[in-house]
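Everything numeric here is computed off the predicted structure, so don't read it as measured data. Naming convention: chains lettered A, B, ... in sequence-line order (proteins, then strands); numbering from 1 in each chain.
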Amino acid sequence: MNPDPHHRRMFIRRMGTATGVAAGTAAIGSLFHNRNLVPAGEEAKTIPSFLVPGTEGMMVVAEGPDPAFAVRAALQELGGIGRFVKAGDRVLVKPNCAFDRPAHFGATTSPAVTGEVVRQCIAAGAEVRVIDNPINHPEGCFVKSGLMDAVQSAGGEVWLPSAALFARVKVGSLRIPDWEALYRPLAWANKLIGVPTVKSHNLSGVSLTMKNWYGLLGGPRNRLHQALHEVVADLGQFIRPTLVVLDGSRLLVANGPTGGSPSDVRPGDVVAVGTDQVAIDTFGARLLGHAPDEIAFLDLAAKLGLGVVDEAQLKLFRKVRAVS
Amino acid sequence: MLRRSLLAAGWLLPPVLALLFALKGRHYDEGFYLPPAAAASALPVPGALGAWTLEGGDVLPADRMFEKIDGKADYYLQYGAVELCSGEWVADGQRWDMYLYRFKEAQGARGAYNGERPADGKPLEGIEGYAVPGQAAVSAGCFYLQLNAQTAEADPAPAVELARTLASLLGGVAGDEVPDAAVDLAVLAGDAAAGTEEYLPENAFGFSVFAGVRSIRVRLGPGEAVWFTCPGDAATVAAYAEELAAFGGEECFDEDGMAGGAMFGSWSLAGVMEGAVWGVQEAATRDALSAHWSALRERLETREESP
Amino acid sequence: MRRLRRYYQAFFLVLFAAAFALASQGGLKGYPVTVFLDSSALNAVGTLLSAHNIAYTMWIGLLILALTPFLGRFFCGWICPLGTLFHLASRWLRPRKAAERIRQNLHSRTQAVKYLILFVLLLAAAFGLLQVGVFDPIALLTRTSAALVSPGMRAGWMMIAIFAVLLLLNAWRPRFWCRHVCPLGALLGVAARAMPGGVVRDRGKCTDCGLCNRDCIGACSPNTRTRMAECFVCWNCIEDCPEKALRWEWMPKEEELARELGVSRRAFFGATLGGAATVVALKSQAVAGYPERIRPPGALAEPDFLDRCLKCGECMKICPTGVLRPALAEAGIAGLWTPVMDMERGYCEYNCVLCAQVCPSGAIRRMSIAEKSGTETGVPVKVGTAFLDRSRCLPWSFGRNCMVCEEVCPVSPKAIHRTPQAVEIEGRMVELYLPQVDVERCTGCGLCQHECPVNDLAAIRVTAAGESRTPGGSFFLR
């Protein structure tokens, strides 16, 4: 034993340092050690319903050559836009802007209808942003379809998708419990208006309201086609819109969903506005000459309680002529 | 001096170049998309139908219709024509020029069609249309379709078949029916009809409440007047009475759901009968107005049901 | 003069940046964004030799070349944005001592190398091998900028690395590239030899202090006789001379001017032989037979395309989907860095001809959207053909419905059809849709390949076969 006190102090100091380092190692090790090397997935977020209580089960069909006027007429019949959108609301508008086509090819929602919806919401005192995650180059789609001009001149704002806007969200109960979607815009908004157009679709027969929510998804969505009808019904569960404005001013009757030739398009001169996605999609399917039982997702959606196929079961159903 | 002005020019050159560069800018880039003005409206008919194919299909908006039918555009415009779709239907040796007018309303299409219908036109069964050598025409929904042959004597049979197919497509698209009352205005006036029928899509006779008006000039004992009808109800008549009074109408009256008065020396009235608005315009005196109105009412009540 | 020159250099650098930024994915909107590429006389002369044609606004380069015998290499000293960048780098990297700077700016014999490079490039171009774009300063800067703004660009690191090395070389010799390498400078230098006047030295006043070389940009030896082919007409020497011994004269005596290039006969013959060997080697490579050489729509037939493509990268920069990328091996050695399509990265946008709009040399010919999509003629421009790989296709091989390829196909009627077929899967009758490509309608846009859910190697892939730019390119008997 060395009785030197210096030595003892040094011993204690060195032992203390070594113990500290060991303890630090152990702490870091236990903090980061994980037997399960599969990274923990982020929990899927829930999108609330955008439906205004008390407005369920409504649909108004307005026929007329001026689609913007028809939208106004239908909204009037529903009790005015004020019933759905209040001052200070943040309204997200989702048109169909999936392809980089000029508007008259019918592959995208007409600028007239989209612009009118934006104008109505702004007149009601809301802030309006328009979003879509198209198949083609986003800016190109908005510019070429005329929606960019229509939205901006109506006082709205186009929100181009970017990677930062996406997150995993809960979708439906049939095929896709959760998926990458434009979460941030959906979280920003407290009202959501779908403005689909009437198109034939190579796989689901028709592309209308519920199929239009596909444009809110990201990720490997090209896999969804393997069970498209179930996925479309899931999309109906995913979004409960404040309002749907189905643009039937012209109908893409062939070569859907892209179209590409004027001969694929017919004038439709009709819009359907309401809150029942299934009823509106049934109406749209009829415009394209499909009976409701030919379109599998309508039945699936009705069974899920998303709406009714039979117009007679709606709380409010009216047809108006909109000729100025 | 020369050196200084050269230097000054040297300092000014870049802004000039920048300006030249900037002046080349445009709002639209045709390499990326077509400016909206160039985007034509869609053809309401397909490019091919059975053996028929459509060549040179084109859509002209109302203000450019004269390019195809110079001098006749005004006729269609007064009926509320929106656009003219044209092209040539071709099938094994057959060539028929299509003139397809689209109107704001079905009544406009029917009006323009009636106005051009020749006396010897052979009616087509089942649809509103006729055929004469060298021509077939159909009124379907908001559309008025003409198919004209290259020669005036051509047998219209193939065109009739084509017209039928097209009519079924077009009628389905527009989904609009012509109200009964509008069709037989000329029949009502009978021998007393003094002029052609007219269709006034809106703001008829200067009243904003009258839209979709069909009218005809009629000659009776006490003088000429214009008979008219349009969709509407008692509220329309009330609104008309209000407008008449507001514009300075004199001796206004309002009785039994019928209202009228005088303005600028011409008498007019309107009332509701058989679910539509009917009335008389441009009568010279109050007596003439009454005479016309009773004649109109009598003929409407006693007319035979059309088959 | 210094202030005016810096003003010009700053202006043209900003204009270049603005033009580059304006060549955005939303379209050029009419701005002459390739005005600098058009101003390069090397590009104009090179394509004139190879393609016997000067495209669009490339006459600007010839105009500058025509002004050079009067004004000297004003383009190099006052306009060239790459020169300005190297100028700035030289200023940052230059030594502090004036004596050091004077030594760096003495004329060097290796400055003659650029004339050999020019000669070989033009010789090759005359024999139909256009490589001027590899060395053209504007193409180089455009390409590098494109690589910088699109980080995913293949071979982008290569272009950035080359640029970084060239920047650093300015520490050794200021404006190393401009003095020793640049073939555009060489071309303008050859023209500047014919100048009637230049900077002349008054031997009586000169004290041989050497200060005229301190800020000499072109290393053109104003301390002896000014080499006209090297002078950048900056007039720094005139301003810096403390004795006022240097001045500009329009008509000096011939012996006051140095018109030689400094290329030795031996070097010249060597370059001729080397150049000829390179031409023979590169030209002997086959033109056909590169399935992945899918050119942008509107690209001329391959030999004509190579006669014009400057490899500037403008098309890759402007492409909205990013489908265009520089070729490495897809187009042979002669086609290095020329644009090819990679359908995994993007696809050819149906209503878009931006690459054709922006191409300065007409390698991708200008055309309208209607012409590309064939909406008027019925004959679309076809860049290739989609081939279905049935062994990877979900319906064909795995009994699952998919048809994404048909859904996204942008032509009307669609170029992908389906055949319904009832098959039994796990005891259940299922109606399967089997895709099939209609080769007559397919434009090869690659959207089907890009959207195919089979993600590492798509079940439908485009190759260049059947491209419409090659006469008789269809592999079908009509």
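Taking the side chain as every heavy atom from C-beta outward, A:Lys144 and C:Glu349 approach each other to under 4.5 Å.
Smallest separation of non-hydrogen atoms from A:Gln226 and C:Leu394: NE2-CD1, 2.9 Å. Closest approach of C:Pro320 to A:His137, counting heavy atoms only: O-CD2, 3.4 Å. Of all heavy-atom pairs spanning A:Pro102 and C:Asn351, the tightest one is CD-ND2, 3.7 Å. The shortest heavy-atom contact between A:Thr258 and C:Lys414 is OG1-NZ, 2.5 Å.
Remark: side-chain polar atoms of A:Arg101 are paired, donor with acceptor, to backbone N or O of C:Pro410 under 3.5 angstrom. C:Asn401 places no side-chain N or O within 3.5 Å of a backbone atom of A:Leu203 that could act as its donor or acceptor partner.
Salt bridge status for A:Lys211 with C:Glu407: present, with a side-chain N to carboxylate O gap under 4.0 Å.
Between the CG atom of A:Leu252 and the OG atom of C:Ser412 there is a distance of 8.5 Å, given to the nearest 0.5 Å.
A side-chain N or O of A:Asn136 and one of C:Tyr347 form a donor-acceptor pair less than 3.5 Å apart. A:Asn202 and C:Glu406 are linked by a side-chain donor-acceptor pair at a separation below 3.5 angstrom, with hydrogens and angles left out of the test.
Counting heavy-atom neighbours within 6.0 Å of C:Glu292 CD, excluding the residue itself, gives a total of 12 or less. More than 12 heavy atoms of other residues, nucleotides or ligands lie within 6.0 Å of CZ in C:Arg418, so this atom counts as buried by the packing criterion.
Interface check for chain C: of the options A:Gly256, A:Ala254, A:Pro220, the most heavy-atom pairs under 4.5 Å are formed by A:Gly256.
With a threshold of 4.5 angstrom between heavy atoms, C:Val408 approaches chain A through its backbone and through its side chain.
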